[in-house]
Amino acid sequence: MIAKVIVDVPSSQTDRTFDYEIPAEWDGVIQPGMRVVVPFGPRQIQGFVVEVVAESSHAKTKPIQDVLDVLPVLTDELLAIGDWLAEHTLCFKLSAYQLMVPAALRTKVKKEVVLLAKRDHLPSALQVYFEQNDRIEWSELMKQDKSKVKDVSQAIKAGLLEVHYQVEEKGKTKTERYIRLNENQPSLEEIPARAVKQHELLRYVQNVDKPISVSVLLKDMQTTRQTVTTLIKKGFLEEFEQEVYRDPLAGIEFARTEPLKLTEKQQNVISPILDSLDQKSHKTFLLHGVTGSGKTEVYLQAIDHALKQGREAIVLVPEIALTPQMVQRFKGRFGSKVAVLHSGLSMGEKYDEWRKIKRKEVQVVVGARSAIFAPFTNIGIIIIDEEHETSYKQEENPRYHAKDVAIFRGEFHQSPVILGSATPSLESYARAKKDVYHLLPLTERVHNRAMPHVEVVDMREELRQGNRSMFSMTLFEKLKDRVEKGEQSVLFLNRRGYSTFVMCRDCGYVATCEHCDISLTYHRSHHALKCHYCGHEEKMPETCDSCGSEHIRFFGSGTQKVEEELARVLPQARVIRMDIDTTRRKGAHEKLLSAFGRGEADILLGTQMIAKGLDFPKITLVGVLAADSMLHIPDFRSAERTFQLMEQVSGRAGRHDLEGEVIIQSYTPDHYSIELVKTHEYEPFFQMEMTHRKAGLYPPYVFMVLINISHPEITKVITVSEKIVAFLKRELSEATIVLGPVASPLARIKDRYRYQCMIKYRNEPELRQTLREIQQHFIREINQGQLQVSIDLHPYLFS
DNA sequence: AGCACGCCGACT
DNA sequence: GTCGGCGTGCTC
C-alpha cells in the first residue's frame with residue numbers, strides 16, 4: 001500500500017503530496033490524518049498522511065520510517081477543511097493542517113553526528129567532541145567554527161561518523177506520582193505504634209480507596225516524603241506514574257446554575273434554532289440582540305439541547321472577552337463537560353484541553369478563534385458570539401476567518417451556526433436581509449430594563465468654554481456624583497490610533513522609529529520611547545533631536561495620564577486601571593475585575609479590554625473619553641467600528657436594577673456613527689453606512705483583496721508592485737477594479753518598505769488562479785530572501 | 001526548508 | 001591546476 005504524504009516543509013515547491021510505501025507491519029494501521037516520519041532527501045522529517053492508495057504512479061517509493069500517532073490527529077473532516085482553507089486563503093496545505101494540531105505535537109528534527117569507529121581513528125581535531133559520548137548534536141558541533149564541516153564530511157566518507165536524524169515532539173504529557181494500596185497488605189505490626197504519621201497516612205489511603213497523587217497526599221496529611229517511602233518499603237503502598245492534565249482552572253469552584261425561564265422574546269428566538277437541531281439541518285442564524293438582552297442564556301439552552309441529542313458544541317468568543325466571567329457562565333451550567341481554549345494557556349495546557357476534546361471527555365468547547373478547529377466528530381451547534389469582532393480573522397498566514405470555517409463545519413455536520421451580536425457586521429446583516437442568513441431579532445433587554453441614556457458632549461465647545469482638561473464638565477460632575485453615591489463608573493479610553501507620541505513644541509518634530517515609519521510611544525514606567533511595531537526602544541530625549549529645544553513633551557492620552565488626572569481632580573475616587581501594562585501578569589486580569597466586582601474601587605479605567613462582557617450591577621455610568629479617535633483611521637470600516645464600540649461600551653451600564661447612563665465625549669458629535677448611539681438603533685445606522693459603502697464601492701457591495709509587497713529597497717518594491725498591478729489589470733475582467741500601487745499606511749516596518757494594491761470585484765471566477773500565478777511568478781525572489789508578497793482575500797486590516 | 005550539484009573567481 | 005563562493009533545482 002502507498003500513503004500520500006504532505007511533508008513538514010513549508011514551501012510552494014513541496015506543497016503537494018509525496019508517495020511512500022507502507023511497510024507490511026503497518027498495513028491497515030496507517031490511516032489518513034496520522035503523522036508519520038518519512039525519509040526526504042538525505043534527512044528524515046514529519047508528514048501528514050492524507051490518503052492511502054493501492055499503488056503509486058511514481059517509479060521508486062521509499063518506505064515510511066515511523067508512525068507518530070495511534071489514532072489520526074486529523075479527522076477526514078479536518079483534512080477536508082485544510083484543503084479548502086489552502087485553496088481559499090492561498091496558503092500551503094501543511095500550514096492549514098498545522099492550525100488544527102496543538103503546538104505541542106509539532107516536531108523538530110534533531111540532527112546528530114554518531115561515532116561509528118574507535119575515537120582515536122578520528123582526526124585529532126574532532127576527537128575532543130566524542131570524549132564523553134559517542135554522539136553529539138550537529139548544532140553543538142558547529143558552534144562558533146564552521147570550518148569543521150570539511151573534517152566531518154571526510155570522516156563520514158571514511159565510515160568513521162554517521163549523521164542521524166531524530167524526529168522529536170516538542171510537548172510532553174505530564175505525569176505525576178500516585179499512591180495506591182498494595183494488594184497484599186502486610187500485618188499492621190510492621191508499623192511501630194509510635195509511628196503515628198505512618199498509621200495516620202495508611203488509614204487515610206485506606207479510606208479514600210482510590211489512587212492519590214503524592215503531592216496532594218503530602219499536603220493534606222502535613223507529612224513528608226519519608227513517611228510515604230517507608231510505607232512503600234514495608235509493602236503497604238505502591239507508587240506509580242499516572243498521566244495528568246495541566247488544568248489552568250484547577251482549584252476554581254464554579255457555582256452550578258440552572259436554566260432560567262426564557263422570556264417570550266427569547267423563546268421566539270430559540271425555537272427556530274431548536275427546530276434546526278431537531279431536524280438535523282444546517283442553517284446560519286444571525287442573532288441580533290441588544291446588549292443585556294440575554295443572548296448568553298439562549299446560547300446555553302441551545303447548547304443544552306444539542307448535548308441532550310448526544311452532540312457537541314463549539315462556542316467562539318473574542319479573545320479579549322474570554323474573561324473569567326464568561327467562562328464561569330459555561331462552566332457553571334455544564335461543569336466538567338467544558339474545555340476552554342485561549343492564548344493565555346501554556347503549550348502544555350492547550351495540548352491537554354485538546355486531548356480532552358479528542359478523547360470525548362468534554363462536549364463543549366469555549367474558546368477564541370482557533371477553537372473552531374476543535375476535533376469533535378459530532379457537532380450539534382456552533383456559536384460565534386460578537387460575530388462582528390475582527391479578531392475572528394487571522395491576520396497572518398493562513399488568513400482565515402473563523403466564520404467561514406464555522407459554516408463549513410455546520411454544513412458538514414448538518415447543524416445550526418449562530419452568529420450573535422448587538423451590532424452585527426454590515427456583511428452579516430446584509431446577508432440576513434437577503435435571507436442568506438436567518439435573522440433572529442432580540443431587541444429588548446431582559447426584564448424590560450431600559451437601554452442606558454446616552455449623552456454626547458461636544459469637546460470643541462468645552463474647549464471654547466476654556467475647559468482644557470480631558471474631562472468635560474458634564475462627565476466630571478457625573479463621576480463625582482457616582483463616587484459620592486457609592487455607585488460605580490467605567491471610563492473607557494480608546495487607544496487605537498490615539499497613542500502617546502512625543503512632540504517638540506517649538507519645531508513640531510515628532511520622535512519616530514528609525515526602522516518603521518511610525519511615531520514612538522511614550523512609556524512612563526521606563527521613562528522610555530517604544531515602537532509598537534518592532535519593539536525598538538530608546539530613552540526619552542532631554543532635548544529635541546531636530547532643533548535642540550528643551551520643550552519636548554509627550555502628547556495624547558494614555559490610561560496612565562488619565563489616572564493621574566483623575567487623582568488630581570477627584571482625589572477621593574478609588575481607581576482601578578486596566579490596560580496592557582497592568583494585566584500583563586498571569587491572573588492579573590481576573591484579580592482586577594474581581595476587586596472591582598467586590599466594590600473595592602469606584603472607577604474602572606481601561607482600554608478595549610473593558611468594552612466587552614463586563615457585567616457588574618453597580619455600574620451606572622459609562623464615560624467614553626474620546627469617541628472619535630478611531631474614526632480617522634484610514635479604513636472604510638472605521639465608522640462601523642466606532643458605532644460598534646460605542647454601543648458595546650454603553651452596554652456595560654445599567655444591566656441590573658440601577659439605571660445606566662453614558663457620556664460620550666467627541667470632537668465630531670454630529671457624525672452618524674456617534675449620533676446614532678443615542679437611540680441604540682442599529683437599523684438606521686445600517687442604512688446610513690450602506691449608502692456610504694455603495695457610493696465608495698466597498699463591501700458588502702464588492703469583495704476585496706489586499707496585496708502587500710515589501711522589500712528593504714524602495715525601488716524594488718515599486719517595480720514589483722507595478723508589475724503586479726499591470727498583470728492583474730490584464731488578467732482580470734473589465735468590471736473588476738484594481739487600485740494602486742500606493743505606499744501602505746505604514747510605509748515602512750522593520751526597515752522594509754511596504755506598498756499595497758487592492759482589488760475590488762463582484763464576480764471573478766479566475767481570481768484565485770490569477771493570484772496563485774503572482775505568487776508563483778515571484779517565487780524565486782521570495783525564496784532567496786528579501787521580497788515578500790502577502791495576499792489577503794477579504795482583508796480586515798489596512799496597515 | 002535543507003542539501004547536493006554545478007559553474008566561475010582567487011589561491012596553495 | 002584546486003578550493004570554495006553561492007545560484008539552481010530536487011526531495012516520493
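This is a predicted model, so every value here is computed, not measured. Quick note on labels: first sequence line is chain A, next is B, and so on, each numbered from 1.
Straight-line distance from the NE2 atom of A:His58 to the C1' atom of C:dC10: 11 Å, rounded to whole Å. When rounded to the nearest whole Å, the span between OH of A:Tyr165 and C1' of B:dC3 equals 8 Å. Atom P of nucleotide C:dC12 and atom CZ of A:Arg43 are separated by 10 Å, given to the nearest angstrom. At whole-Å resolution of the value, CD1 in A:Ile45 and P in B:dG2 are 9 Å apart.
Using modelled atom types and a 3.5 Å distance limit, the side chains of A:His164 and A:Gln166 yield no donor-acceptor pair. Side chains of A:Arg106 and A:Gln98: no donor on one and acceptor on the other come within 3.5 Å. Side-chain contact check for A:Lys729 and A:Thr736: no donor-acceptor pair (N or O, by modelled atom type) lies under 3.5 Å.
Under 4.0 angstrom from either OP1 or OP2 of C:dT11 there lies no side-chain N or O belonging to A:Tyr20. Contact annotation: A:Lys62 side-chain N/O to C:dC12 OP1/OP2 distance is under 4.0 Å.
Using a 4.0 Å heavy-atom criterion, one finds that A:Glu21 contacts no nucleic acid atom at all. Contact annotation for A:Lys4: no contact, since no heavy-atom pair falls under 4.0 Å across all strands. Contact annotation for A:Ser11: base contact, defined as any heavy-atom pair under 4.0 Å involving a base atom.
Stacking of A:Lys760 on the aromatic ring of A:Phe703 is not recorded, the 6.0 Å distance cut-off and the 45° axial limit not both being met.
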